[in-house]
Amino acid sequence: MLASAYSVHSGMEPSTRTLSPSVTGGSILGIMFDGGVLLAGDRLGAYGGLHRFRDIDRILKVNENVLITYTGDVADFQYIEEILEDEQRENDMRNDGYELGPSEYFNLMGRIMYNRRSKGNPLWNRIVVAGYDKATDKPFMGQIDSKGTVFESHLIGTGFGGFLVHPLMERELEKIEGRPTKQQATEILERALKVLYYRDKTTYNKWSIGTTEKTGSTIEASRELATNWEIAKLIVGYE
Amino acid sequence: MSSIGSGYDLSADMFSPDGRVFQVEYAMKAVENGATIVGLRCKDGVVLATEKLISSSLHTAGDNSRIFKIDDHIGMAAAGLLPDARSLTEILRDEATKFRREFGRPIPLKVLCHTVASYVHQYTRHSSIRPFGCTLLLSTFYQGKAELWTIDPSGAAFGFKGAAAGKAKNNAKTEIEKLDLDNLTVKEGLKEAARIIHSVHDDLKDKTFELELSWVSADNPKHNRVPKEVAEEVEAAAKAALEDSDSEDDM
């Protein structure tokens with residue numbers, strides 16, 4: 001029996017409205033350092049295996065203290081972007097001295113994602129919220145997935161970034177007492193990006209790097225990694 | 001004061017024999033009882049200034065502002081009944097957001113004013129609801145052009161180079177007409193607006209007031225209240241200019 005609007009309401013059939021994502025954004029890496037957070041993701045919107053859109057912004061600066069980024073369906077995140085922009089604008093207009101920080105946006109996104117999943121029509125994204133929380137005077141980073149699972153962490157890797165690179169970054173971080181400095185975090189991230197690019201065929205060599213600190217947030221739009229493919233010859237079977 | 005409605009003023013769904021809708025006129029009188037607001041369209045932006053009367057020393061400073069932000073690029077000052085203005089603020093904001101979502105760009109002020117003026121007008125055509133008792137001045141600097149619009153209780157929307165509303169509207173308008181608005185910068189406009197508010201303020205009838213200033217311009221395309229340092233500088237200059245002209249009168 002085909003699923004229809006009626007059967008969804010009667011709770012008998014699963015919804016088949018959202019079956020698969022279309023244009024997707026790839027891995028995201030996030031490292032918390034002493035006083036802020038570094039985020040990185042490539043500028044690719046993939047259409048399945050095709051590198052379709054090669055210059056998209058995947059890191060959104062919501063305000064001076066919040067950066068939000070994602071893995072997964074680009075269209076779904078563009079919808080989320082509108083919600084976030086409206087939220088930020090309404091807060092600005094109220095002009096009552098209260099600012100929305102990463103915690104607030106993290107909670108908001110958590111509720112949105114969970115409610116969509118509960119309706120059987122999830123947003124096909126894994127969202128990473130990063131920023132500087134003025135209320136607690138600490139950096140913040142958290143992840144929300146399409147099921148509505150939420151958690152905060154000092155180190156995040158989604159997609160292939162999660163499989164390959166997260167353990168690599170974790171091992172480097174274990175060598176450091178407490179949080180790394182911004183310089184140390186940058187070095188770890190640079191190495192991680194290189195490994196991610198070399199090993200994950202779905203990545204594209206154009207990266208956005210977002211930095212959020214107490215003083216504000218910036219996004220370096222378009223970084224290209226210097227690569228050396230001479231090492232390919234070392235791989236058995238190449239040629 | 002003027003003519004008594006004598007039976008033709010009981011609801012907004014009536015014309016008087018001489019073709020007036022008294023309820024709308026009464027709404028405009030309500031605006032004239034309120035504090036003065038001034039808007040100046042300068043060559044590179046628009047200034048809004050309000051005489052925010054403080055009715056009690058127990059009020060928190062800065063509270064109950066008469067200046068609102070409608071969208072990133074649109075600001076508003078309200079004269080008359082503030083609660084009426086606040087409800088229109090929500091309508092204005094919703095329309096601006098709807099336009100942004102549908103067309104992917106900020107709403108032109110002209111479009112917003114015509115849309116919301118139609119809404120205000122509706123309240124002048126039913127016996128069961130009263131008209132809005134507020135006049136709004138809206139400002140924007142968008143796509144290289146400064147614009148100032150008014151919406152009054154009758155539902156009319158007009159574009160202006162300079163506008164005023166509230167108790168000292170006529171005095172303020174006289175002062176505004178003396179200005180060469182096409183050649184004023186926003187910074188100069190701020191001083192003029194501050195000076196006008198101070199000069200039309202009636203010290204005897206109303207005691208204390210807070211001068212509120214906002215701007216939107218080529219340099220500040222997002223409408224905002226003027227920053228504290230600038231506001232203080234402008235208000236000091238305005239007061240000084242007033243004293244100069246006062247002492248000239250004495251001579």
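By convention in this document, chain letters (A, B, ...) are assigned in the order of the sequence lines, proteins followed by strands, and residues within each chain are numbered from 1.
- Summarising the local packing, OH of A/Y114 is surrounded by 12 or fewer heavy atoms from other residues, nucleotides or ligands at distances under 6.0 Å.
- Listed options A/N95, A/D96, A/D86 were ranked by heavy-atom pairs under 4.5 angstrom with chain B; first place goes to A/D86.
- Here A/D92 does not pair with B/K69 in a salt bridge; the nearest charged N to carboxylate O distance is not below 4.0 Å.
- Annotation: B/R101, atom CZ; neighbour count of heavy atoms from other residues, nucleotides and ligands within 6.0 Å is above 12.
- In this structure, no portion of B/N224 lies under 4.5 Å from any heavy atom of chain A.
- A/R52 CZ: 12 or fewer foreign heavy atoms inside a 6.0 Å radius.
- Side-chain contact check for B/R93 versus A/E90: every heavy-atom pair is 4.5 Å or farther apart.
- The environment of CD in A/E99 is sparse: at most 12 heavy-atom neighbours from other residues, nucleotides or ligands sit within 6.0 Å.
- Remark: A/M93 CE to B/D71 CG distance equals 6.0 Å, nearest 0.5 Å.
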